[in-house]
Amino acid sequence: MVDYWRQGSVAVIAVNNPPVNALSYNVRVGLYNNLDKAANDRDVLAVVICGKGRTFPVGADIHEFGQIPKEPWITDVGRKIESLGKPVIAAIHGTGLGGGLEIALFCHYRIALPNARVGLPEVLIGLLPAGGGAQLLPRLAGIQVAMEMITTGRQLPASEAAKYNIIDKVVSGDIVKEGIEFALRVQNKPFQDKILRYRSPHGKDSLQPITEAVLRKIKMRSRGFYAPVWCVRSIANSVKLPFEEGLAQNRIMFQQMQLSGQAKALQYAFFAERSISKWKLPCGGNFATAVPRKIKTISVIGAGTMGTGITVALLSAGFPVLLVEQNKRFLMKGVQTVQSLLEGGVKRRKFTAEQAKMASSSLTTTVDLQALNSVDLVIEAVFETLSLKEDIFSKLDKICKPEAILCSNTSYLNIDKIAASTRRPDKVVGTHFFSPAHIMRLMENIYGCKTSPETVATVMDLGKRIGKVPVLVGTCPGFCANRMNRPQSEEALFLVEEGAQPEQIDQVLEDFGMPMGPFKVRDLAGGDIGWRSRKDAALHLGLTLSYDLQFFNGERYCSLADKLCELGRFGQKTGSGWYSYDKPGSKQLSIDEDVTKLIQNHRDSLGIKPRKITTQEIQERFLFSGINEGFKILEEGIAARPEDIDIIWLYGFGFPRHYGGPMFYASQIGLKRVYDRICHYHELFPYSSHWMPSKLLQKLSIQEVPIGQWAELHSKL
Ligand SMILES: CC/C=C/CC(=O)SCCNC(=O)CCNC(=O)[C@H](O)C(C)(C)COP(=O)(O)OP(=O)(O)OC[C@H]1O[C@@H](n2cnc3c(N)ncnc32)[C@H](O)[C@@H]1OP(=O)(O)O
């Protein structure tokens with residue numbers, strides 16, 4: 001796991017633990033013993049520490065967290081380096097992260113390749129840099145830089161790290177060769193002043209104002225995530241305590257944090273995010289055997305909000321796009337939107353003006369579907385009407401080349417029905433983007449019963465290539481994301497009907513950590529879209545929406561959202577919705593007395609006496625109704641694993657990452673408690689079928705098993 005060789009007077013110690021040279025127990029032992037070997041070899045005058053393969057060590061082995069940590073620790077390896085009596089050079093390529101960077105900081109010198117990156121990302125997995133990072137970095141780069149790096153986990157490119165003295169020299173070529181050359185130059189020079197523990201932290205007199213400013217920033221963005229605050233404390237220890245005492249204190253804090261639910265959730269999310277690319281279809285095809293088709297040209301049908309957002313996502317990843325609309329007026333409007341989104345990307349520094357120009361020049365347009373005869377892949381993004389989509393897909397099937405893949409950006413409709421309108425159901429797949437599609441990272445890919453593994457592999461690969469987080473699910477109304485969100489939106493309305501205020505519900509859920517409460521989300525998305533589909537659904541059933549309606553199609557129904565829409569209050573875009581806004585399109589909102597009155601009148605007309613609704617009830621009814629649906633999605637095999645559901649929620653709805661996602665959150669609360677509360681609400685609200693408890697949840701509530709085994713259990717149901 002650790003290789004050792006000598007080249008003249010230089011000993012090279014190379015960590016060899018693929019894929020990322022994590023500092024597992026055996027690696028730490030190997031480093032420690034090989035440092036001893038170099039110390040005891042009189043002919044060795046300097047030592048180079050590096051990583052084999054793709055990277056310098058990226059930190060502790062996260063799989064080992066939760067076990068009792070065995071010595072030597074990273075700090076023991078560090079002390080060995082400091083006391084070696086010979087200069088030690090860290091030669092960094094790839095990423096030098098966490099414990100990897102900490103070992104480098106214990107070294108006397110650090111060199112790096114230009115494309116190397118360094119950082120202390122412990123905070124992102126709910127921890128602090130207890131292997132010396134929080135003590136050493138302030139002594140090298142100063143308190144301000146250490147605070148920024150450690151509380152955000154940001155990785156610095158080598159050039160920026162050199163600016164802060166973290167890297168002594170940026171070198172090009174072969175990193176080991178460069179390391180040896182550097183070692184030969186410094187081997188006979190004094191290096192005691194390079195041992196960071198003997199320095200005092202730069203900017204220590206400004207500790208208080210820096211801390212206050214950082215804590216203010218953390219408060220604004222952390223939403224209940226406490227690791228950044230502990231990181232601030234660990235850096236303060238570098239000023240307040242002698243070096244060894246600071247190390248010991250930080251280690252105690254690290255151990256406490258490691259046991260916390262937030263660290264467990266973040267580490268779960270880290271591996272969950274990596275597991276989603278390992279998909280499997282019920283027919284047996286999977287990521288390992290399916291080969292994606294090469295996609296060079298893509299067409300997007302529909303130049304509305306979704307179509308233009310998807311177009312920008314594709315263009316900015318370097319794909320040429322042929323944008324299609326039914327007439328020139330819509331097309332022109334779409335092209336203008338694409339241009340302004342690209343300009344917005346330049347303003348937000350997502351890409352340079354030059355890149356935006358390049359992207360824009362890769363856009364072509366047409367109003368003629370026939371022009372799609374040579375594209376490799378089509379993404380349809382028209383209205384959510386099944387007949388319209390069926391019509392488009394049957395035309396595409398005739399026009400497009402036989403091997404072309406046909407995708408639908410539907411957020412709700414059955415993929416099998418859309419596929420059935422073609423003679424190539426194996427090449428039809430759902431690619432559900434989230435709005436705004438050029439920004440939101442989730443791409444919910446939906447397979448139908450005939451979608452081929454090759455088609456799935458192609459859209460999963462495409463998602464990655466355009467910087468999205470692609471998650472694969474099966475087909476059902478609303479798939480995973482919207483199916484789980486639906487009961488939550490309904491519960492939010494019912495809570496208002498029963499006595500809560502929209503702003504109270506928004507506040508409770510924002511305090512929980514959601515980026516926006518459900519009523520702000522409704523106003524942002526625009527109430528008219530849901531209103532139209534509710535009216536369509538009613539029409540389809542031969543019913544009409546009426547305002548004293550308390551049941552619709554056998555289910556509890558709340559008509560408050562319809563009443564707002566009837567008044568033209570569609571949300572931000574019309575300047576009023578659940579809140580009122582400064583002007584149409586503004587985000588500046590205030591509570592609207594008219595809405596308060598409308599709610600009161602609504603309750604009066606139905607004879608509902610408002611009651612006090614607690615924070616606990618709001619949280620439970622919103623979160624547990626979605627979680628129950630999540631378990632049904634699992635038990636039906638729509639999602640293969642809870643990890644898929646959680647990643648959808650982290651990237652599609654901004655669910656607080658420090659809770660891991662709704663399914664992991666449920667596992668932490670305890671499935672017995674979640675199940676009991678769902679049964680309680682089922683008893684109270686028998687006309688809301690979303691409270692019918694999931695069978696899988698019921699089973700898991702009796703024999704609680706770790707979340708990693710839920711999927712296995714559901715297959716045995
Ligand atoms: C007291 C001592 C305390 C020390 C604290 C620490 O050091 S905590 C650890 C700090 N380091 C990190 O958090 C790094 C996490 N890793 C990453 O950010 C990225 O993986 C990467 C290193 C930037 C590489 O990214 P890339 O996209 O190239 O690859 P993957 O992310 O897909 O990773 C490849 C496989 O490696 C596994 N892996 C990555 N990091 C670790 C790790 N620290 N421990 C264990 N395993 C790790 C990852 O899960 C992938 O595995 P697969 O099986 O292939 O999915």
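Every heavy atom of this structure was used, including side-chain atoms; hydrogens, water molecules and symmetry mates were not. Numbering of ligands and ligand atoms starts at 1, following listing order.
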*Asks:* Arg251 to ligand 1: N or O pair under 3.5 Å?
*Replies:* no

*Asks:* Does atom 16 (N) of ligand 1 have a protein heavy-atom neighbour under 4.0 Å away?
*Replies:* yes

*Asks:* Can a protein heavy atom be found under 4.0 Å away from atom 27 (O) of ligand 1?
*Replies:* no

*Asks:* Between ligand 1 and Glu102, is the shortest N or O to N or O distance under 3.5 Å?
*Replies:* no

*Asks:* Measuring from the heavy atoms of Lys278, does anything fall under 4.0 Å of ligand 1?
*Replies:* yes

*Asks:* Any nitrogen or oxygen of Arg274, main chain or side chain, under 3.5 Å from a nitrogen or oxygen of ligand 1?
*Replies:* yes

*Asks:* What residue and heavy atom of the protein are closest to atom 24 (C) of ligand 1, and at what distance?
*Replies:* Arg54 NH2, 4.0 Å

*Asks:* From atom 21 (C) of ligand 1, is the closest protein heavy-atom distance below 4.0 Å?
*Replies:* no

*Asks:* Classify the angle between the aromatic ring planes of Phe512 and Tyr665 as parallel (below 30°), tilted (30 to 60°) or perpendicular (above 60°).
*Replies:* perpendicular

*Asks:* Tell me whether ligand 1 is touched by Trp73 - counting only heavy atoms on the residue side and a distance under 4.0 Å.
*Replies:* no

*Asks:* Using 30° and 60° as the class boundaries, would you call the ring planes of Phe434 and Phe653 parallel, tilted or perpendicular?
*Replies:* perpendicular

*Asks:* Output all residues satisfying side chain to side chain contact (heavy atoms under 4.5 Å, CB included) with Arg348, sequence neighbours left out; order by chain, then residue number.
*Replies:* Lys350, His438, Ile439

*Asks:* Just to confirm my output: which protein heavy-atom neighbour is closest to atom 37 (C) of ligand 1, and how far is it?
*Replies:* Val20 CG2, 4.3 Å

*Asks:* Do any N/O atoms on Gly131 end up under 3.5 angstrom from N/O atoms on ligand 1?
*Replies:* no

*Asks:* What protein heavy atom is closest to atom 43 (N) of ligand 1, reported as residue, atom name and distance in Å?
*Replies:* Ala60 O, 2.9 Å

*Asks:* Of all the non-hydrogen atoms in the protein, which one sits nearest to atom 36 (O) of ligand 1, and at what distance?
*Replies:* Pro19 CG, 3.4 Å

*Asks:* Give the contacting part of Val58 toward ligand 1: side chain, backbone, both or neither, where contact means a heavy-atom distance below 4.0 Å.
*Replies:* both

*Asks:* Quick one: look up the protein heavy atom nearest atom 18 (O) of ligand 1 and list residue, atom name and how far away it is.
*Replies:* Leu97 CD1, 4.0 Å

*Asks:* Can the ring centres of Phe65 and Phe270 be said to be less than 6.0 Å apart?
*Replies:* no

*Asks:* Look only at interatomic distance and state if Ile62 has a nitrogen or oxygen under 3.5 Å from any nitrogen or oxygen of ligand 1.
*Replies:* yes

*Asks:* Examine Phe271 together with His63 and report whether their ring centres are nearer than 6.0 Å.
*Replies:* yes

*Asks:* Looking at ligand 1, does any of its N/O atoms fall within less than 3.5 Å of an N/O of Gly99?
*Replies:* yes

*Asks:* Any pair with a residue in residues 12-31 that passes side-chain hydrogen bond (donor to acceptor under 3.5 Å, both in side chains), sequence neighbours left out, goes on the list, sorted by first then second residue, please.
*Replies:* Asp3-Asn16, Asn17-Ser24, Ser24-Asp61, Arg28-Glu64

*Asks:* For ligand 1, is there an N or O atom under 3.5 Å from any N or O atom of Phe270?
*Replies:* no

